[in-house]
J.: 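Have a look at this one.
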Protein chains: 2
Amino acid sequence: MDDKDRLLLSLLRRDARRSLVALARDLGLSRSATQERLAKLQDSGVITGFTVVEGAAERRSTAHLLIRLAPGRHCAQLVPRVKTIPAVVQIHSVAGAIDLIVRVEGDGVAPLEQARAAIAAIDGIAEVSTFIVLDHHLG
Amino acid sequence: MDDKDRLLLSLLRRDARRSLVALARDLGLSRSATQERLAKLQDSGVITGFTVVEGAAERRSTAHLLIRLAPGRHCAQLVPRVKTIPAVVQIHSVAGAIDLIVRVEGDGVAPLEQARAAIAAIDGIAEVSTFIVLDHHLG
DNA sequence: CGCCCGCACCGGCGTTTTGCCGGTCGGACC
DNA sequence: GGTCCGACCGGCAAAACGCCGGTGCGGGCG
């Protein structure tokens, strides 16, 4: 983690979709060296992913779904299906009476209800409890 | 802003550096149509930029606490107390059989148990169910 | 009805970027 | 000296990108 790494990181913070060529130019390194550094930052866990900065977040509607799987089903099979639903922004598999906690967001409650229906319809999902978020005190 | 746009957005939230070709495949559109949609999302200000998810997430232990308040208590009184606990990273008040969903993170399970105890001890909190996160599939 | 316009989409082109790999240089160590 | 190792460079084939002309379809309008 030297100055070049820190500079690379800060360039990516500003625009994570820039090409390696452009990043390399700003870093004063060759493209392939930049590529290696980026790979190491990811492997070492300094960078875990890249995401979107959303505009003027008009607070969107949020809900939590607590999901119980049918006996003998594992999340590995179901999670990929859940991921394809656009409203889903968070998926955690948990230990206990519940198997999955999913957070969904949308523009009003209709998309949430729709997402809930889509998830409930997936084969292997036994039960879905919905909790509409009334207020975001944190996160 | 239709379903395709929303799906595109959610794909980018998960990995903002994916190629347009890969995004187009998941969207079921041609690459150039995907490119146009992305451009419009940016022009219209829905997407203002792309950034790095940093390794503050050297995957720490996470749990969700589902909290029921004592009859007659309101979250407004209790949430400030909950906020003072450092392990707490997310607080949502929700409608239904549960009143609060709290996400806690810490370095191993011990801090989580400690946070749970601290929350359970707050006057006005009737019941706390703990769900340790086994796997982060998203978020 | 027929026409035209706007919009979203497709496909193809030349160019740029990427993934990959062999090769060079300098420092540490025996 | 010799060797190993890490960081870097450069080049090639393959993939992705930017751009633009062309198509299909629904909506206004004479």
J.: Over all strands shown, is A:Lys40 touching base, sugar-phosphate only, or nothing at heavy-atom distances under 4.0 angstrom?
T.: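 Result for A:Lys40 = sugar-phosphate.
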J.: Partners of A:Ser93 by side-chain hydrogen bond (donor to acceptor under 3.5 Å, both in side chains), sequence neighbours excluded?
T.: none
J.: Would you kindly give the NZ-to-P distance between B:Lys4 and C:dA8, to the nearest whole Å?
T.: 14 Å
J.: Report yes if some heavy atom in the side chain of A:Val52 is under 4.5 Å from a heavy atom in the side chain of B:Phe50; otherwise report no.
T.: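 Yes. Closest side-chain heavy atoms under 4.5 Å.
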J.: Donor-acceptor check, side chain of B:Arg13 to backbone of A:Val89, threshold 3.5 angstrom: yes or no?
T.: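 Looks like no, no N/O pair under 3.5 Å.
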J.: Go through residues 7-25 of chain B and report each residue with a non-hydrogen atom lying under 4.0 Å from DNA chain D, sorted by number.
T.: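 Residues of residues 7-25 of chain B under 4.0 Å from DNA chain D: B:Ser19, B:Leu20, B:Val21.
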J.: Roughly, in whole Å, what's the span from CG in A:Asp3 to C1' in D:dA7?
T.: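 It works out to 16 Å between those atoms.
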J.: Is there a residue in residues 27-36 of chain A whose heavy atoms reach under 4.0 Å of DNA chain D, and which residues are they?
T.: A:Leu29, A:Ser30, A:Arg31, A:Ser32, A:Ala33, A:Glu36
J.: Quickly work out the A:Leu38 CG to C:dT18 P distance and round it to whole Å.
T.: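 Taking atom P of C:dT18 as the reference, CG of A:Leu38 is at 10 Å.
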J.: Under the side-chain contact (heavy atoms from CB on, under 4.5 Å) test, which residues partner A:Ala118, sequence neighbours left out?
T.: A:Ile85
J.: Not counting sequence neighbours, which residues clear side-chain contact (heavy atoms from CB on, under 4.5 Å) with A:Arg37? List them please.
T.: A:Asp2, A:Lys4, A:Asp5, A:Leu8, A:Leu29
J.: Using the ring centroid of each side chain, check whether B:His92 and A:His137 are separated by less than 6.0 Å.
T.: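 No.
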J.: Rounded to whole Å, please give me the gap between CE in B:Met1 and C1' in C:dA8.
T.: 17 Å
J.: Would you mind listing the cluster partners of A:Ile101? Hydrophobic ones only (ILVMFWY), side-chain contacts under 4.5 Å, chaining allowed.
T.: A:Leu66, A:Val94, A:Ile98, A:Phe131, A:Val133, B:Leu66, B:Val94, B:Ile98, B:Ile101, B:Phe131, B:Val133
J.: Please determine, by modelled atom types, if A:Ser10 and A:Arg14 share a side-chain donor-acceptor pair under 3.5 angstrom.
T.: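 Side-chain D/A pair, A:Ser10 to A:Arg14: present.
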